[in-house]
Visitor: 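Once you've had a glance at the structure underneath, I'll fire off some questions.
Computed from heavy atoms alone, side chains included, the values below leave out hydrogens, waters and symmetry copies. Being a predicted model, the structure only gives us computed values, none of them experimental. Letters A, B, ... mirror the listed sequences (proteins, then strands); counts begin at 1.
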There are 2 protein chains.
Amino acid sequence: MTNDERSDATRTRILDAAVACFTREGYDATSVSDVCRAAGVSKGAFYHHFDAKQAVFVALLEPWLAELDAAVTEALTRRQPAPQRLVHLATLVNRVTAEGRGRIPMFLEFWRQAAKDPSVWRVTVEPYRRFRSSFVRLVEDGVAEGSLRPVDPDLAALVLVSLGVGLVLQGALDPVSPAGQGLGERAIALLLEGITNGGAS
Amino acid sequence: MTNDERSDATRTRILDAAVACFTREGYDATSVSDVCRAAGVSKGAFYHHFDAKQAVFVALLEPWLAELDAAVTEALTRRQPAPQRLVHLATLVNRVTAEGRGRIPMFLEFWRQAAKDPSVWRVTVEPYRRFRSSFVRLVEDGVAEGSLRPVDPDLAALVLVSLGVGLVLQGALDPVSPAGQGLGERAIALLLEGITNGGAS
DNA sequence: TAATATAAACCGACCGGTCGGTATGTACCG
DNA sequence: CGGTACATACCGACCGGTCGGTTTATATTA
């Protein structure tokens, strides 16, 4: 094995071990030594690859956020009426809930720390801002094309994102929720149609 | 000052200092000594009033949750149609967002730890479960009385709570959201009416 | 009321242990 | 050989929690 291959391998082993530990114990509660032990790697190797404990977390967070961002923009640029695009976007909730099971609390914990560290703030809040403004545009599109009622786009976007965040969060923190198949789509359908009885039985 | 008054005073000073520290630094990051220093109290006094660091957190969390629970049951037992009760309930979002500004991330962080400690799990998740089942009953009522469409009560309740959680969370983590007055009511109105264009201009 | 006794509230030095991070040595690839 | 990848040993700081002792308020005497 070449040097570079070896290096990459240990790096990913550290990353994998870190996500496992952080998920199980939380960020603060896991020591660097824990990660090293789980990765089967020495502390020297750890600090050879990462400047600090926090750097591991950013390395973990960044690709995840990027993936999310890509999925959103993909769904947003589809040539469909706004409601359909929204429903399609709703499947994201399922994906994030499924693959992010235990990781979400961890990211939440990290988000908390972000308030202190500007470098982390950038990595977390900036994608979120883009995320929400994407929704604003989506709603504006829908209103313009007449597929959506003339609602306040900012408010609607906030509600949409809130719904998504809330669903993912509840799925992560209390998995006993009455989820079932296609939770995201069904939830968004409720929002699209409304729940008041407009006369129909 | 009597002994009891003195005791209560220091206890509340510890609690106040704790919420300040936890809010600013996070739970794990604040040491007991930090809290003591901020409260102007010795470590001995601290451990005289609380068994452990965690006990402070439960003491902080419990009344807050109880207050929330009381407000919910109050709104839920009103003799009104379900939609009105929902709108009234929506004002809770404003209250929680306002008075819980910096505290929510802290509670979130604690919720994360709750997964490990059963005693904490009870205090946090149990009220949440009650919370959600209250919503289920509310929706069932609405469907029964005909004010709400015959939607799945479990799903609707999940969506409602998600919306609330999401709104509060975003308000807390990124206060630059386009909130404005009566955000909760306006959000719930959107959900009640739906956002698709049903033919009306 | 003054003196005394007792209990509760409070203090702060201190403990074992762990933490994130560093300095130094070794093995191996190019 | 030169340098990169890793291992080991170690550092000072700090953690949550304990403990023996001191102050303060109350109960009981006389």
Visitor: Atom CD1 of A:I188 and atom CD of A:E193: how far apart are they, to the nearest 0.5 Å?
Guide: 11.5 Å
Visitor: Starting the side chain at C-beta, find the nucleotide from C:dA13, D:dA5, C:dC10 nearest to A:H48.
Guide: D:dA5
Visitor: C:dT22 P sits how many Å from A:F50 CZ, rounded?
Guide: 16 Å
Visitor: Which residue, A:V32 or B:F46, contacts DNA chain C at a nucleotide closer to its 5' end, judged by nearest heavy atom?
Guide: B:F46
Visitor: With a cut-off of less than 4.0 Å, is there a side-chain N or O of B:S42 near OP1 or OP2 of C:dC10?
Guide: no
Visitor: Once rounded to the nearest 0.5 Å, what's the spacing between atom CG of A:L92 and atom OG1 of A:T97?
Guide: 9.5 Å
Visitor: Would you call the rings of B:F57 and B:F22 parallel, tilted or perpendicular, taking 30° and 60° as the class edges?
Guide: parallel
Visitor: Specify the separation, in whole Å, of atom CD1 of A:I14 and atom P of D:dA7.
Guide: 9 Å
Visitor: Measure CZ/A:F57 against P/C:dG20 and give the value in whole Å, please.
Guide: 14 Å
Visitor: Go through it in stages, so that I can follow the logic: the residues are A:S31 and A:D34, the test is side-chain hydrogen bond (donor to acceptor under 3.5 Å, both in side chains), and I'd like the CA-CA distance, side-chain angles, deciding distance and then a yes or no.
Guide: CA-CA 5 Å; A:S31 64; A:D34 286 339; 3.1 Å; yes
Visitor: With a 4.0 Å limit, can you tell me whether A:T10 has a side-chain N or O closer than that to the phosphate oxygens OP1/OP2 of D:dC6?
Guide: yes
Visitor: Tell me: CG of A:D51 to C1' of C:dT22, nearest whole Å?
Guide: 13 Å
Visitor: Under 4.5 Å between any side-chain heavy atoms of A:N94 and A:E185, yes or no?
Guide: yes
Visitor: Measure CZ/B:R37 against C1'/C:dG12 and give the value in whole Å, please.
Guide: 13 Å
Visitor: Look at the side chain of B:V41 and decide which nucleotide, out of D:dC15, D:dT8, C:dC11, has an atom nearest to it.
Guide: C:dC11
Visitor: Quick check on DNA chain C: between A:G44 and A:D28, whose nearest nucleotide comes earlier from the 5' end?
Guide: A:D28
Visitor: Round to a whole Å and report the spacing from NE2 of B:H49 to P of D:dG17.
Guide: 17 Å
Visitor: C:dC19, OP1 or OP2 - any side-chain N/O from A:S31 closer than 4.0 Å?
Guide: yes
Visitor: When the distance from OH of B:Y47 to P of D:dC15 is rounded to whole Å, what number comes out?
Guide: 11 Å
Visitor: Using a cut-off of strictly less than 4.0 Å, decide whether A:S7 has a side-chain nitrogen or oxygen near OP1 or OP2 of D:dT4.
Guide: no
Visitor: Just compare C:dG21, D:dC6, D:dT18 and give me whichever is closest to any side-chain atom of B:K43.
Guide: D:dT18
Visitor: Can you find a side chain N or O atom of B:K53 that sits less than 4.0 Å from OP1 or OP2 on D:dG16?
Guide: yes
Visitor: Could you tell me the separation between the CG atom of A:D8 and the P atom of D:dT4, rounded to a whole number of Å?
Guide: 16 Å
